[in-house]
Amino acid sequence: MGKQILMKGNEALGEAAIIAGCRFYFGYPITPQNEIPAYMSRRLPEVGGTFLQAESEIAAVNMVFGASAAGARVMTSTSSPGMSLKQEGLSYLAGAKLPCVVVNIMRGGPGLGNIAGAQGDYFQATRGGGNGDYRHIVLTPASVQEMAELTVLAFDLADEYRITVLILGDGYLGQISEALTLPEPTGKVFEKPWALTGAKGREPNKIASLKLVPDHVLEEMNLSLERTYNEISSRECRSESYLTEDAEYLLVAYGTSSRICRAAVNELREEGVKAGLFRLITAWPFPAAALKRASLKAKKILTVEMSLGQMIEDVRLSVDNPERVDFYGRSGGMLPETEEIKRRIKAYGN
Amino acid sequence: MRGKPIINIDKCKGCELCNGVCPVNIMSMSKTFNKQGVPYSVCIDEEKCTVCRACAIICPDMVIEVIKYEQG
Amino acid sequence: METKTKNYKYVYNRPESLVDKQTHYCPGCGHGIVHKLLAEILDEFGVRERAIVVAPVGCSVLIYDYMNIDGCESAHGRAPAVATGLKRVNPDSIVISYQGDGDLLAIGTAETIHAANRGENFTTIFINNAIYGMTGGQMAPTTMVGQITATTPYGRDPMDVGFPIRGCELINSLERPVFIERCSIHDFKNTLKTKKAIKKGIKNQIEGKGYSFIEILSTCPTNWGMKPQAAADWVKDAMVPYYPLGNFRDRQE
């Protein structure tokens with residue numbers, strides 16, 4: 001066990017990326033994730049890496065495309081409006097089967113919105129915000145410790161499946177300072193025979209998503225992506241079930257809203273109410289089977305989000321008797337309140 | 001005779017650019033069609049070829065190679 | 001046949017860096033000429049096994065299928081960003097961003113200018129044929145005043161959509177590029193000059209000098225509605241007077 005240190009969420013994420021072997025970072029400033037590029041600009045030169053402030057979010061994600069094509073572990077980070085701009089690159093990365101890590105420290109929207117933490121980008125993250133038939137893995141940390149741990153995991157998953165892994169945090173997680181133990185490198189090594197390193201002693205490698213002729217090649221590529229997505233869905237669902245065994249009232253949340261829900265569950269339990277929390281760690285693949293199990297005894301399932309209701313659609317699709325599913329959320333950078341969650345739960349009992 | 005263009009007639013798309021660049025005007029187009037269904041590049045007087053390679057260099061489709069005869 | 005009775009050698013044949021494959025380009029298209037020039041130069045420097053071509057979106061999107069080297073796709077306009085990523089990871093690779101006028105001066109203007117401004121050590125080959133070829137002949141940022149295209153049916157009106165943009169002059173306002181030249185492939189002599197310019201651009205990269213920008217005036221016979229030779233003549237008569245040929249910068253240090 002390493003020793004505990006105090007770090008800001010964004011900086012812990014940056015350090016974890018370096019621990020994971022990330023040596024290339026391309027990004028564009030946007031609040032509330034600016035500590036990530038600032039941290040990388042300071043740390044990467046110390047470890048022989050490259051930090052480059054790009055001319056735009058679009059350029060940044062396309063530099064990631066190039067660096068990934070060259071075989072590097074590479075990352076970019078942004079916040080909601082910047083994430084919209086990156087969607088073009090994410091679609092191309094998916095089509096070209098290039099691994100990379102993209103961080104979205106969400107803020108209030110739509111449009112320029114504000115700079116407070118929010119969870120309004122769940123649809124964009126889990127449905128694919130760019131064009132075409134694709135998915136990427138979405139990890140949802142809920143603490144500074146997890147910001148670091150999931151970042152290390154993200155790089156391994158990206159290389160293992162040749163896929164983009166999105167770390168979906170929010171402004172509160174990015175800005176909060178907490179004690180954490182920095183993770184160790186996993187030591188996993190992934191060969192990249194497809195990387196563009198010059199055609200020396202081999203046939204030329206081509207990285208491309210364009211499949212014009214014959215007619216069926218694009219569908220074959222899509223079906224091959226689907227096989228990868230199915231494999232990920234069966235192997236990589238992650239979640240935490242907290243006091244769900246006997247839970248009559250199940251809260252479902254992720255990230256910052258799940259922290260508030262946990263406090264509500266603890267207080268409700270003290271008052272004798274059988275409440276539990278199901279927390280996503282992967283938003284895609286969605287841990288549907290685990291949620292179904294956790295919800296077996298629940299009379300009511302309250303989905304709590306920092307949005308007007310996006311994850312709730314996946315919750316409804318996952319559980320039996322979806323009429324049990326209810327919603328409480330705040331948007332525009334406002335936080336759900338413990339008291340309001342408790343009031344809702346108690347009202348179900350009447 | 002110094003050399004001549006070797007023309008891969010079936011690759012020719014019939015653009016005629018080789019006709020325009022030849023300094024001794026010995027490049028022309030065929031009266032018949034190739035597999036692509038277009039008139040193709042022909043050299044009408046190989047004796048006059050100066051081996052300047054202009055026809056080959058301007059050809060967008062790598063249709064023309066040029067050979068030079070060795071002395072003696 | 002005479003070739004059998006006499007000794008001979010090839011003085012022009014397919015470079016190793018070029019795949020022996022029929023291109024999808026229209027008859028007389030300038031892309032085929034420039035692909036060949038680039039392939040010859042990679043052969044001449046012996047860097048085929050280090051080379052990576054970044055393809056744009058546009059007619060030359062499939063250049064990676066025609067070059068016998070590593071190849072990378074890029075989203076429309078993003079070739080300089082992709083090239084930046086590739087080159088920063090493997091500084092020993094020889095990276096060429098091959099871009100058309102829409103890619104380089106419309107949708108990818110920011111990427112173009114900033115890669116040049118950073119002095120990224122790669123080579124940009126800019127094909128200026130004054131039109132969008134692949135999508136069927138729409139107005140490009142380099143379309144000539146009065147030129148009729150699919151989206152300027154009454155001719156390009158500079159009071160409405162601005163004057164054609166001169167790429168070399170724009171790049172020449174930046175400090176870090178080391179080599180900037182505009183050439184043309186409308187005739188044999190200029191094609192040889194074009195090869196010389198590309199060669200310089202690749203040499204600069206091999207020597208680690210920095211960013212080279214080679215603009216090549218080219219043809220689009222199909223979308224211009226001209227026979228290939230007439231299109232070549234139009235480059236000389238209509239484009240060259242507005243886009244002056246020559247070297248803008250050749251920094252040696």
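To find a chain, count down the sequence lines: A is the first, B the second, and so on, and within it residues start at 1.
The contact between Lys9(C) and chain B is made by backbone and side chain atoms together, counting heavy-atom distances below 4.5 Å. In this structure, the portion of Asp187(C) lying under 4.5 Å from any heavy atom of chain B is its backbone and not its side chain. For Lys189(C), no part lies under 4.5 angstrom from a heavy atom of chain B. Within the 4.5 angstrom heavy-atom criterion, only side-chain atoms of Thr191(C), from C-beta onward, approach chain B. Both the backbone and the side chain of Gln229(C) come within less than 4.5 Å of a heavy atom in chain B. Within the 4.5 angstrom heavy-atom criterion, no atom of Asp233(C) approaches chain B. For Cys59(B), the parts lying under 4.5 angstrom from a heavy atom of chain C are both the backbone and the side chain. Tyr66(C) does not touch chain B: none of its heavy atoms, backbone or side chain, sits under 4.5 Å away.
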*What do the steps show when you test Lys13(B) against Thr23(C) for side-chain contact (heavy atoms from CB on, under 4.5 Å), and what is the final call?*
CA-CA 10 Å; Lys13(B) 294 176 183 169; Thr23(C) 69; 2.8 Å; yes
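When every heavy atom of Tyr12(C) is checked against every heavy atom of Ala56(B), the shortest pair comes out as CD2-CB, 3.4 Å. Pairing each heavy atom of Cys15(B) with each of Pro27(C), the nearest pair is CB-C, 3.7 Å. Taking all atoms of both residues into account, the shortest heavy-atom contact from Lys227(C) to Glu16(B) is NZ-OE2, 3.7 Å.
Rounding to the nearest 0.5 Å places CG of Leu17(B) at 12.0 Å from NE2 of His186(C). One finds the CD atom of Gln22(C) at 7.5 Å from the NZ atom of Lys11(B) (value rounded to the nearest 0.5 Å). Going from atom NZ of Lys68(B) over to atom OH of Tyr8(C) covers 15.5 Å, rounded to the nearest 0.5 Å.
Of the candidates Ile185(C), Ile33(C), Leu192(C), Ile57(B) forms a side-chain contact (heavy atoms from CB on, under 4.5 Å) with just one, namely Leu192(C).
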